[in-house]
Amino acid sequence: MAAEFPFSRLTSNQLTYSERDEGYRLLHARPEPSRRHDSGLCLVWRYDDVRELLEAAAPEISNAQSLRPLVGFGRIAVNPRAVGHFCRHLLPPPAKATADLTDDVLHRRVWACMAGPSGYFTVHADTRSERADALAEHFRQSLPVPGEVTEPLDVTAVSITYAARIIGETVGLPQRDWPAVAEWSGAQSGLLGRRMRGRELADAVGALGRLFTVSGLAVAHSRQHGTGFPGHLRAAGIPPRVAVSAVANSLAAGVHTVSGSIQQGMQRLLGDPDRKWWKLLGEPAGAARVAAKVLQLDPGLVGWKRNIVRPIVLRSGTRLPKGPVLVMFGAANRDPRAFADPLAMDSAGKVPLTFGFGRHTCPGKQLAQLAVEVFLRELHSRAPHAQLVDPARSPRSRPADLLFSGADIVIR
Ligand code: HEM
């Protein structure tokens, strides 16, 4: 009997780190390079194929559907509560500004506002240590009693608060809105990677709507006060509707990607009986190495969507039919064709694809790397002897999610 296809029943979000390691190993041992998933997406996992799809340089590969809800707009249209939220917050429909924008000229202008030399999210070498200090302060403020590691500590909750504070501040939302950023951005993440229905779907559309509403207020406010990321977009001449979407997309993009990486990283660091990588966090430059490895092996975002508009043969020879594809970079980052020994620290290999490749590469990459590094270092310095408390919830009780991945981590 043929071996069961890994990830057909459970997603990365529902597995322990060792189950993920085994699942990805089995995936790369398979003879075929792609597989149709029952979500309707075609799964692709080999490094070279994933990179070519992310790059989307060929006319057959499109990014236009990248932010489309997994259940499609049809399911939303027949859900009266979702329609109500949609009409209240999302009409006229938001402009495309980032991941799904196909106007390359406009996209380059928006992207330059976020990344590159004058990008708002860029972490410059000369101010890196001040940025790290500011992130450490966000860590302290995210603890249940600011500055103190209480026991037991819900690392999952702390990591979400931490990421929401960082992204809320970076994107320029008033502090009173930061706590809600986690919920709103969770809604966008859930809509992309989960098959939601009923009330859950309606609530997610409502939360996504509020994300756009507060982003609209932030852009309107910047017209008078000209500050922060919205002011930066305005100064660059980005049309207001596009600026609103750039703000909303950034708010949505940063929270569960950063916090999910921290959660899954902690699962591995403390789950390893030898705790070798956890101990490394106490060494100079150790946290940067560990964060880089966590982001290669256990990123909070494991896949992304592309659409094949006409059947294509990729450079490797992989044939893909017309239709949506799930580009599994969490898998590609462990492809033995690209990484000699992916599970080893400092092993040789190609550039991990965690942050994409090509013109849509993540503009928050440097900030995300630093945020994961600072969180792990700060937690280790306060709780070097931390132990995982047996989770009350098994990873199986987490929802199936094709894109986003995290873990329920409690320590004492
Ligand atoms: C571990 C954390 C993160 C991961 C794994 C991640 C991953 C990615 C990936 C794979 C893409 C490429 C999408 C594509 O090719 O279409 C992307 C795009 C994007 N990311 Fe991130 N990201 C992270 C954190 C952040 C943060 C902190 C921010 C904001 C401060 C951010 C903002 C964005 C935006 C706005 C885009 C769209 C870029 C464009 O298409 O122009 N991300 N991210």
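Every number for a ligand or one of its atoms is a count from 1 in the order of the listing.
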*Taking only residues at least two apart or on different chains, which pairs with a member in residues 203-226 satisfy salt bridge (charged side-chain N to carboxylate O under 4.0 Å, His left out)?*
Arg81-Asp203, Glu183-Arg210
Ligand 1 polar-atom proximity to protein (N/O, under 3.5 Å):
from	atom 1	to	atom 2	distance (Å)
ligand 1	15 (O)	Arg306	NH2	2.8
ligand 1	16 (O)	Trp304	NE1	2.9
ligand 1	16 (O)	Arg306	NH1	3.1
ligand 1	16 (O)	Arg306	NH2	3.4
ligand 1	40 (O)	Thr98	O	3.4
ligand 1	40 (O)	Ala99	N	3.1
ligand 1	40 (O)	His360	ND1	2.6
ligand 1	41 (O)	His107	NE2	2.5

*Do Tyr162 and Trp178 have their ring centres less than 6.0 Å from each other?*
no
*Output every pair passing ring pair (Phe, Tyr, Trp, His ring centres under 6.0 Å) with a member in residues 243-280, not counting sequence neighbours, ordered by first then second residue.*
Trp278-His380
*Between His89 and Leu211, is there a donor-acceptor pair closer than 3.5 Å when you use the side chain of the first and the backbone of the second?*
no
*Heavy-atom donor-acceptor pair, Glu52 side chain to Arg315 backbone, under 3.5 Å*: yes
Donor-acceptor contacts under 3.5 Å from residues 282-290 side chains, at least two apart:
from	atom 1	to	atom 2	distance (Å)
Arg289	NE	Asp346	OD1	3.3
Arg289	NE	Asp346	OD2	3.1
Arg289	NH2	Asp346	OD2	2.4

